[in-house]
Amino acid sequence: MERSDTLQEKMEQNGMSRRTFIKYCASLASLMALPPSAAYAMAEALGKAKRPSVIWLPFQECTGCTESITRSHSPSIEGMIFDMISLDYQETLMAAAGHQAEEALHAAMKENYGKYVLIIDGSVATGLDGAYSCIAGRSNLESLKEAAKGAAAIIALGSCASFGGIPKANPNPTGAVAVSDIIKDKPIVNIPGCPPIPVVITGVLAQFLTFGTLPELDKLGRPKAVYGETIHDRCYRRPFYDQGKFAKTFDDEGARQGWCLFELGCKGPVTYNACATTKWNDSTSFPIESGHGCIGCSEPDFWDAGGFYKALSMPADPLKMAATAAVAGAAVGVAISFANRAKKGAAKSAHETTKLEDLEK
Amino acid sequence: MPSIDQIPISIVSPDEMLTGQADAVLTEIAGMLKRLLDDGIEGSIDLRGLALSGADRVWLEKQLGRGEVEIMLEAGGWSVLTETAYPGVWKVMHRDDRDRVVAELIEVAFVPAIIRPDNGDVKKGHESLLLNLKAKTAGV
Amino acid sequence: MSASLEKGVRVLKEVIDAPIASYFNSCVHCGLCAEACLFYTETGDPKYTPIHKLEPLRRIYEQEYTLLGRLKKMAGLSKPVTDAELDEWQELVYNSCTLCARCSAVCPVGNDIVYMVRKFREGMSAAGHAPEGIKGAVNRTVSIGSPMGVKLPAVQAQMKHVEADTGLTIPLDAEGAEYMVMLSSMEIINFPEYLGAIARIMHQAGKTWTLCSTAFEATNAGIQIGNSDLAKVIVSRIVDGAEKLKVKTVISPECGHAYTALRWEGANLVGRPFTFEVKHILEVLAEFQEKNLLKTEGFETDKLTFHDPCQLVRRGGVVQQPRKLINQIAKNFVEMPDSGFMNWCCGGGGGASAIEEGEELRLEAFRKKKSQLEAVKPDRLVTACANCRIVLEEGLEHYQMDIPVVGLTEMIAEHLPERQKPEGS
Amino acid sequence: MNELQFLTWVRGTGLNIAVGIFLLGVLWRLFEIYSLGRKQDLSAPRHASGASGFHTIFRRSLPPPGMLKRSPVSYIGGYVFHIGLAIVVFLFAPHILLIKNLTGLSWPALPSQFIDLMAVVTMAAMVVVLVDRINKPVKRFLSTFEDWFTWTVTFLPVLTGWMAVQHLLLPYTTMLALHILSVELLLVVLPFTKLFHVFTLFGSRWYNGKVNGHKGVPV
């Protein structure tokens, strides 16, 4: 099937009006915290944009991110954006396989050198020279370095690509690291989440296509517009937190009343994401709405943050060293007491009885 | 002494508090109106990007009031564009085809931009009308 | 480090014990001990804060007996104690401390500060940093037998005088007597009434008693200078005398430190428990009173108040006895503010009265006693310590206050029925 | 390091290290101090000293006659600060939850509003005793770096805890992490500074009371 060259044409083919597209752009602009007027510019630019080449490399991942994007319940427009891009390599989605796929990848990289957008999902294994994760006999580490060279920008999709994610969890047997730990000379947008919210990636792509810019990022490389506030800040159960009303177990009266899940280990206060506003499953709900605390999946090292069901204020690891320290302290103490007693004893045996004349110096 | 259940209890939820944000919105709208008059520059405010409480929204709604025009727009879901009591100030609510609110704006313009048909669209409409006419003539 | 300093430090290493370690670690620098010390309250000079008087001792403790302190010392980060420093501290440890123990009584963390001063004096004296006045007193006590240089003939002269006066025999070296009576040289020289009073009281009570020719002097300047070796020499004479005469009880005279030296320190100095009891004369009198063996007649009618010697109340536990005794012979007994357990020191205890260069400070500190006395305006001041009595008299004279000071024992003796025949004779 | 990682560190590794040093330090210091021993008192007691040591442990918490008047700030400020601190530390619901988590023991909490008030009162009292330390010649004379330092490490947990609860200045998470960190600092320095009086105080009062009991001194 022949593809249309611009989105405008594609829309016309699908019988979609310009106003529909403007509305969609207005919602994207709102999500990306762009000024509302940007919607019109976006609509115009997107309408005329040529299909940029996108190369999507999967590393140590579970395909959850791909699932999240492709199973998004959003209307056809988001799918269309994907149609719009020239997804030249995506192992899971592409029809080609084996040598054919590799050839497609290298052809795309060569043809669009310096212009393509590189999407990575999954963390990069660095242990044993990256041998833990290979595609076509080449380590992810090698592939990443090669693909990054010609990329205009890199999108690290999901917590694994953004921060190392679950492969990096203690004890990290594969030496997993984030994309940003390897690539230092390219703009990288981190879209963490396990999985990330689908609309965020379309928003970032739309902005890149429209303005040729990447969204404003926070210090962890995440779009500020989406990751600017915590789940806790936007949580509908927040008033209960402020009133000190907490569910103590998952089946108590508090839980039934929909009270705050802080004491049940909710990581909402330390998790920066938009789940509480964009929600999941076609805007049905988000974890807290279903009665389970946030597990902080979009934060670095969330897997090792002290247990999903332990309140943030609780010690993560109840006093591992206490017994050892007590024994060591007692040992030090006993050693000093022997030394002290010896010293005191020596002073005593060296005692010279004071006589009257000794009172004078 | 009254028993404990006779003591009246009132629960104040955050939605019942004015944050003062709505005041600022009004001031900004006034500024935008002046720019529209002086320089013809249109403006808009993304209401969902502001931390407005329920009470703020109700208050704002009341302050803005209603004008004479209400436009329904069906494009991938219904949108409602309502003129407020202040001509040139529009309240815009976009919904998608599943009736979810996707954008909620205040637009300051003589006519919201989305209403004005695009030149290209008009041109295409004109062409298809001519074609239509030709077909009718030919068909007779 | 000079040999004497080395010796002093070694002695301190010997005496530092768990209580001292606990006390230093507990101190939070709250400064409340200063509020309890009359040298601070009357001068307002923070250097008289009791815990500060122990600073060199604290550093030696830290440098010698704590791991961190030893590491700091090894790394050369700690300030060593020097002769010059101890010299500077001599005034703080002796002149401005009477071992009155008010600080120990108020310390909120429970530090027995005066216990530490006493121990610190061990090192100070061994290092040769004791004041001349106390050194002299020790010298005389050890070599002559009494801090004022009183010898047995002087006592015998007194005895004769009292015998003539009372018509009673003063027993000397009477083996098997129930009580062995000790004197303080101040009493022998300044307050001879004491011996007569004892003779009459014992006679009336029908008790056997004796003086000891080898141990009549109770005061122990070794305790005041803080040197256990010398204090032991002095106290051993009494122990030997008491054991030789096989007495049941040794009576400490009206002298605070003599009582502490004998009652609480004695056994520890000689290294074994005593075979006899030690009692302060007031304790004995109170016992007599309880058993109805102390009969008096008549009452003092002028306004009396009682100065509690520190070593009797705070360090000795003798609080109620003097009050009961006074009330038997006085109609108008009033208490000074803070009297009893928290009474203020006269300013001359702990050997301080023997330090000539400390006189000015002593008189300054006496203002505390002056204000206590002004609050009740007594006609006469009763006490039970010859040293207090001398210091009080000096202070009162200096501030031109006309309040005579009397010893409680002799005051009681004055109320014994005249010329009463001993029972059964 | 972001907030979650910071918080994870302070409530994990950081807390382990702090509690480890604390326990090690406390045992080491207790041995170091009390193993020095003392000579047996050979003098005959006036009467058996009995429970006088224990009595003094409690009675020394009250001002001796006349002292309250001489140094009201030390006593009243001290009481408010120590009692306030005890209330805030041991009767605040999240702290009880923590103790329950560690030891399984728990007891009823006081209302958060009251704890909040107590925290403010405690801080006020601490500021007052600090000002007193600066103003009073004796206290200033006795004060060393350690005095200012220990005041600060005691004050910080109260301040950061209160600020975390009040959502002041920094996001709750960061403040909570700082709060836990400040408590860890307190735990680490406690055995090696004058703050160790929380342990030796009992020994010191006991020794003092025992000696007094032996002599029959009424305390």
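Chain letters run A, B, ... following the sequence lines, proteins first and then strands; every chain starts at 1. Keep in mind the model is a prediction, meaning the values are calculated, not measured.
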Would you check if the side chain of D:Arg70 reaches a backbone N or O of C:Glu35 as a donor-acceptor pair within less than 3.5 Å? yes

Please report the shortest heavy-atom distance between D:Gly37 and C:Asp17, naming the atom on each side. O-CB, 3.0 Å

Side chain, backbone, both or neither of D:Arg140 within contact of chain C (heavy atoms, under 4.5 Å): neither

Distance-only donor-acceptor check, side chains C:Asn111 and D:Asn208, under 3.5 Å: no

With no hydrogens and no angle check, is any side-chain donor or acceptor of D:Lys194 less than 3.5 Å from a backbone partner on C:Val28? yes

First locate atom CG of D:Leu42, then atom CH2 of C:Trp264, and finally report the distance between them rounded to the nearest 0.5 Å. 13.0 Å

Quick check: does any side chain N or O of D:Arg205 sit under 3.5 Å from a backbone N or O of C:Pro108, one acting as donor and the other as acceptor? yes

Pair C:Arg70 + D:Glu32, salt bridge at N-O below 4.0 Å: no

When C:Val106, C:Thr41, C:Thr49, C:Ile16 are compared by non-hydrogen pairs under 4.5 Å with chain D, the top option: C:Val106

Between D:Tyr34 and C:Ser22: side-chain donor-acceptor atoms closer than 3.5 Å: yes

Closest non-hydrogen contact found for D:Ser43 with C:Arg263 is CB-O, 3.5 Å

Could you tell me which portion of D:Tyr75 (side chain, backbone, both or neither) has an atom closer than 4.5 angstrom to a non-hydrogen atom of chain C? side chain

Between C:His29 and D:Leu142 (side chain of the first, backbone of the second, donor and acceptor by atom type, cut-off under 3.5 Å), is there such a pair? yes

Side chain, backbone, both or neither: which part of D:Gln40 has a non-hydrogen atom closer than 4.5 Å to chain C? backbone

For D:Val217 and C:Gly317 the tightest heavy-atom approach is CG2-N, 3.5 Å

